[in-house]
Protein chains: 2
Amino acid sequence: MRDHRGSVANVSTRLPRVTLADQVRDFIVLEIAQGRMAPGTPLRELEIAEQLGTSQTPVREAFRELSALGLIESRIHVGTRVRDLAEQDLVDAVPVRAALEGVAGRLAAPRLIGNAGDVRDAFLAMQDVARTDDRLAYASASTQFHRAIIRAAHNESLLRAWNALGIEVMTIMAMASNPIPLEDAAESHRVVLEALEAGDPDLAEDVLRNHVSGYLPGTVHLDGDPA
Amino acid sequence: MRDHRGSVANVSTRLPRVTLADQVRDFIVLEIAQGRMAPGTPLRELEIAEQLGTSQTPVREAFRELSALGLIESRIHVGTRVRDLAEQDLVDAVPVRAALEGVAGRLAAPRLIGNAGDVRDAFLAMQDVARTDDRLAYASASTQFHRAIIRAAHNESLLRAWNALGIEVMTIMAMASNPIPLEDAAESHRVVLEALEAGDPDLAEDVLRNHVSGYLPGTVHLDGDPA
DNA sequence: GCGTCAAGCATTATCGATAATATGTAAATA
DNA sequence: TATTTACATATTATCGATAATGCTTGACGC
């Protein structure tokens with residue numbers, strides 16, 4: 001989520017040499033992304049520190065970063081809680097996502113002609129998950145799919161901006177209130193995949209913009225998730 | 001920096017009830033934005049802590065946040081420096097910025113009909129600075145102008161994504177290598193301002209996309225800055 | 001000459017303890 | 001009763017010190 005240099009490059013060479021703060025951050029992200037820490041949940045520094053066997057410092061650092069990323073929010077001398085996204089936040093994110101993923105489609109399409117690689121894998125995974133009817137897992141899979149497209153664009157700025165939106169949390173929240181069958185939702189991504197593998201930048205941009213624009217909460221759309 | 005609470009300075013306004021980490025963060029942002037900390041400048045925790053009269057902890061927290069915001073970058077156990085962008089990064093950012101600022105123009109235009117407010121103020125400030133031939137100050141003013149447009153869109157997600165690009169640093173770097181006269185650069189923003197005040201979303205989006213697309217480094221364009 | 005390895009150093013990463021403070025509760029006051 | 005004040009409490013904010021680690025340099029064997 002916060003790579004030091006190009007995260008697109010060699011992940012294999014970089015050993016898991018991470019700070020405790022990094023681990024704490026990843027732990028919290030996972031808890032939120034998997035719905036165990038619901039929006040509004042208070043996060044107490046010493047409690048989490050004890051739970052993870054660290055001191056308060058790494059937890060505070062993780063909080064700082066997550067706060068900057070908009071995943072949690074703090075009030076000085078009072079406390080920190082999982083950010084409770086209002087519907088307005090979900091609405092606001094849509095045009096921004098549409099624009100970013102449109103750019104991603106444009107840049108990625110020429111690289112994915114005939115074989116969308118990770119994007120195709122993510123699509124298949126999403127279909128598998130859809131059959132299990134696990135909405136939380138589906139939200140995660142959908143996020144993975146869209147992230148794979150962003151990654152395929154090979155543009156660090158794009159990835160950075162997209163990450164800043166905090167799609168994971170939005171996806172979770174929207175999934176909770178959307179009753180669309182998961183298999184239909186997953187299937188609606190096929191057209192995106194096909195547009196990318198067609199390799200036409202204009203087509204890919206258009207399809208992605210439209211697809212993401214359908215994520216407006218409150219409206220009935222094929223994809224149950226906003227991610 | 002320790003004993004200042006008793007001061008009866010500003011009773012009317014909200015007291016500066018912020019953490020030291022916040023103050024350290026703001027200090028660093030200002031140093032970067034005004035070019036006193038150039039890209040690549042190493043930031044040593046204890047040095048800054050001593051300079052500001054705090055301990056290491058608040059400085060580390062500020063680093064974490066700024067790192068998440070993309071302004072600085074850290075390598076574990078080695079050090080932190082002002083984000084040093086390669087030319088590829090500047091190139092990559094252009095289509096992303098163009099898309100984001102296009103959305104901003106679309107959203108902001110209806111709100112700025114006839115009077116662009118802060119955006120106009122920023123434009124005038126940019127013109128003033130351009131006459132002084134202070135390229136660093138101009139870079140700052142240009143960033144302000146574009147940020148004002150993003151703000152005018154009143155979309156938190158948009159602001160978040162735009163901030164993540166680290167425009168401040170890009171602007172400073174591009175200004176260093178761009179020989180275009182500042183007054184011409186400033187003037188090139190007039191069409192953007194006018195499009196916004198015209199209140200036409202389509203026009204504003206189009207003008208902004210084109211304007212920002214001209215920020216490709218290495219090419220000769222009217223605006224000396226990439227921000 | 002070249003590669004390997006072992007201190008030493010500079011700097012960060014983490015800890016445990018202490019200070020500071022926002023908030024809720026209840027007494028004091030009118 | 002309504003309002004203010006004082007205080008206790010829970011939690012964060014900050015500190016100073018120590019541990020851990022990546023980098024550099026130079027010795028050493030080949």
Side-chain angles (χ1 to χ4, degrees), chain A residues 1-5 9-28 37 40-68 71-84, chain B residues 1-11 13-28 37 40-68 71-84:
Chain A
M1 192 157 191
R2 181 195 69 101
D3 316 59
H4 305 293
R5 203 57 261 298
N10 42 13
V11 183
S12 55
T13 58
R14 178 154 271 148
L15 291 172
R17 194 55 58 78
V18 293
T19 66
L20 283 181
D22 287 335
Q23 294 175 260
V24 173
R25 177 203 61 206
D26 291 344
F27 168 80
I28 296 173
M37 285 181 179
T41 303
L43 305 175
R44 255 165 290 130
E45 295 178 354
L46 287 173
E47 180 181 297
I48 292 180
E50 187 181 14
Q51 182 180 351
L52 299 180
T54 77
S55 71
Q56 184 189 5
T57 309
V59 178
R60 276 185 65 81
E61 287 183 28
F63 279 13
R64 266 275 162 182
E65 184 174 349
L66 293 172
S67 189
L71 235 54
I72 65 180
E73 53 194 354
S74 296
R75 285 179 56 198
I76 181 171
H77 281 299
V78 174
T80 300
R81 55 179 51 216
V82 179
R83 184 161 168 229
D84 195 359
Chain B
M1 206 136 181
R2 191 96 277 283
D3 42 16
H4 54 67
R5 198 34 37 84
S7 162
V8 201
N10 42 7
V11 183
T13 62
R14 179 182 252 105
L15 287 172
R17 197 50 61 82
V18 293
T19 66
L20 285 181
D22 288 335
Q23 295 176 257
V24 173
R25 178 203 57 205
D26 292 344
F27 168 79
I28 296 173
M37 285 181 179
T41 303
L43 306 175
R44 255 166 292 132
E45 296 178 354
L46 287 172
E47 180 181 297
I48 292 180
E50 187 180 15
Q51 182 180 351
L52 300 180
T54 77
S55 72
Q56 185 188 4
T57 309
V59 178
R60 275 184 67 80
E61 287 184 28
F63 279 14
R64 265 277 162 180
E65 184 172 351
L66 292 173
S67 186
L71 231 55
I72 65 180
E73 51 196 354
S74 295
R75 286 179 56 199
I76 181 172
H77 281 300
V78 174
T80 299
R81 51 181 54 212
V82 179
R83 190 169 160 212
D84 195 1

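Order of the sequence lines sets the chain letters (A, B, ...), proteins ahead of strands, with each chain counted from 1. The basis for the numbers below is simple: all heavy atoms, side chains too, and nothing from hydrogens, waters or symmetry mates.
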**Student:** Expressed in angstrom and rounded to an integer, what is the separation of A:Glu61 atom CD from D:dC15 atom P?
**Tutor:**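 Taking CD of A:Glu61 and P of D:dC15, I get 15 Å after rounding.
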
**Student:** Near DNA chain C, under 4.0 Å by heavy atom, which residues of residues 46-59 of chain A?
**Tutor:**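 Heavy-atom contacts with DNA chain C come from A:Thr54, A:Ser55, A:Gln56, A:Thr57, A:Pro58.
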
**Student:** Are the side chains of B:Gln23 and B:Asp26 in touch, meaning some heavy atoms are under 4.5 Å apart?
**Tutor:**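 No. Closest side-chain heavy atoms not under 4.5 Å.
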
**Student:** Take A:Val78 and A:Gln23, find for each the nucleotide of DNA chain C with the closest heavy atom, and name the residue whose nucleotide sits nearer the 5' end.
**Tutor:**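 In this pair, the answer is A:Gln23.
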
**Student:** For C:dA22, does either OP1 or OP2 sit under 4.0 Å from a side-chain N or O belonging to A:Arg75?
**Tutor:**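 Answer is no, no contact under 4.0 Å.
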
**Student:** Reckon B:Arg60 has a side-chain N or O less than 4.0 Å from the OP1 or OP2 of C:dT12?
**Tutor:**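 Answer is no, no contact under 4.0 Å.
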
**Student:** Once you round to the nearest 0.5 Å, how far does CZ of B:Arg64 lie from CG of A:Leu66?
**Tutor:**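 Rounded to the nearest 0.5 Å, the CZ-CG separation comes to 9.0 Å.
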
**Student:** Exactly one of A:Glu73, A:Arg75, A:Met37, A:Arg44 should register a side-chain contact (heavy atoms from CB on, under 4.5 Å) with A:Arg81. Which one does?
**Tutor:**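 When A:Glu73, A:Arg75, A:Met37, A:Arg44 are each tested with A:Arg81, the side-chain contact (heavy atoms from CB on, under 4.5 Å) holds only for A:Glu73.
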
**Student:** Taking atom CD of B:Gln51 as the centre, report whether more than 12 heavy atoms of other residues, nucleotides or ligands fall under 6.0 Å from it.
**Tutor:**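 Enclosed: over 12 neighbouring heavy atoms sit under 6.0 Å from CD of B:Gln51.
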
**Student:** Side chains of B:Gln56 and B:Leu46: closer than 4.5 Å at any heavy-atom pair?
**Tutor:**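 A side-chain contact under 4.5 Å exists here.
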
**Student:** Between B:Val18 and A:Ile76, is there a side-chain heavy-atom distance shorter than 4.5 Å?
**Tutor:**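 The answer is no, as the side chains (C-beta and beyond) never meet within the 4.5 Å cut-off.
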
**Student:** Nearest-Å distance, CD1 (A:Ile76) to P (D:dA13)?
**Tutor:**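 Answer to the nearest Å: 6 Å.
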
**Student:** If you compare all heavy atoms of A:Ala68 against all heavy atoms of B:Ala68, which two are closest, and at what distance to 0.1 Å?
**Tutor:**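 Nearest heavy atoms, A:Ala68 then B:Ala68: CB-CB, 3.9 Å.
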
**Student:** Whole angstroms only, please: what is the CG-P distance between B:Asp22 and D:dT12?
**Tutor:**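 Rounding to the nearest Å, CG of B:Asp22 and P of D:dT12 are 16 Å apart.
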
**Student:** How close or far is atom C1' of C:dC15 from atom CG of A:Leu20, stated in whole angstroms?
**Tutor:**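 It is 10 Å, rounded to the nearest whole Å.
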
**Student:** Should the heavy atoms of other residues, nucleotides or ligands under 6.0 Å from CD of B:Glu50 be counted, would the total exceed 12?
**Tutor:**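 For B:Glu50, atom CD is not crowded (no more than 12 foreign heavy atoms under 6.0 Å).
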
**Student:** With 3.5 Å as the limit, what N/O pairs link the protein to nucleotides 6-9 of chain D?
**Tutor:**
none

**Student:** In whole angstrom, give the distance that lies between atom CZ of A:Arg81 and atom P of D:dT12.
**Tutor:**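 Rounded to whole Å, this separation is 12 Å.
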
**Student:** Please state how far atom CD1 in B:Ile72 lies from atom C1' in C:dT12, giving the value in whole angstrom units.
**Tutor:**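 After rounding, the gap between these two atoms is 13 Å.
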
**Student:** Between B:His77 (NE2) and D:dT21 (C1'), how many Å, whole number?
**Tutor:**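 About 4 Å, once rounded to whole Å.
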
**Student:** Find the distance A:Arg64:CZ to D:dT14:C1' and express it as a whole number of Å.
**Tutor:**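 Rounded to whole Å, this separation is 12 Å.
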
**Student:** Mind listing the closest non-hydrogen atom pair of B:Ala21 and B:Ala62 along with its distance?
**Tutor:**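 Nearest heavy atoms, B:Ala21 then B:Ala62: O-CB, 3.7 Å.
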
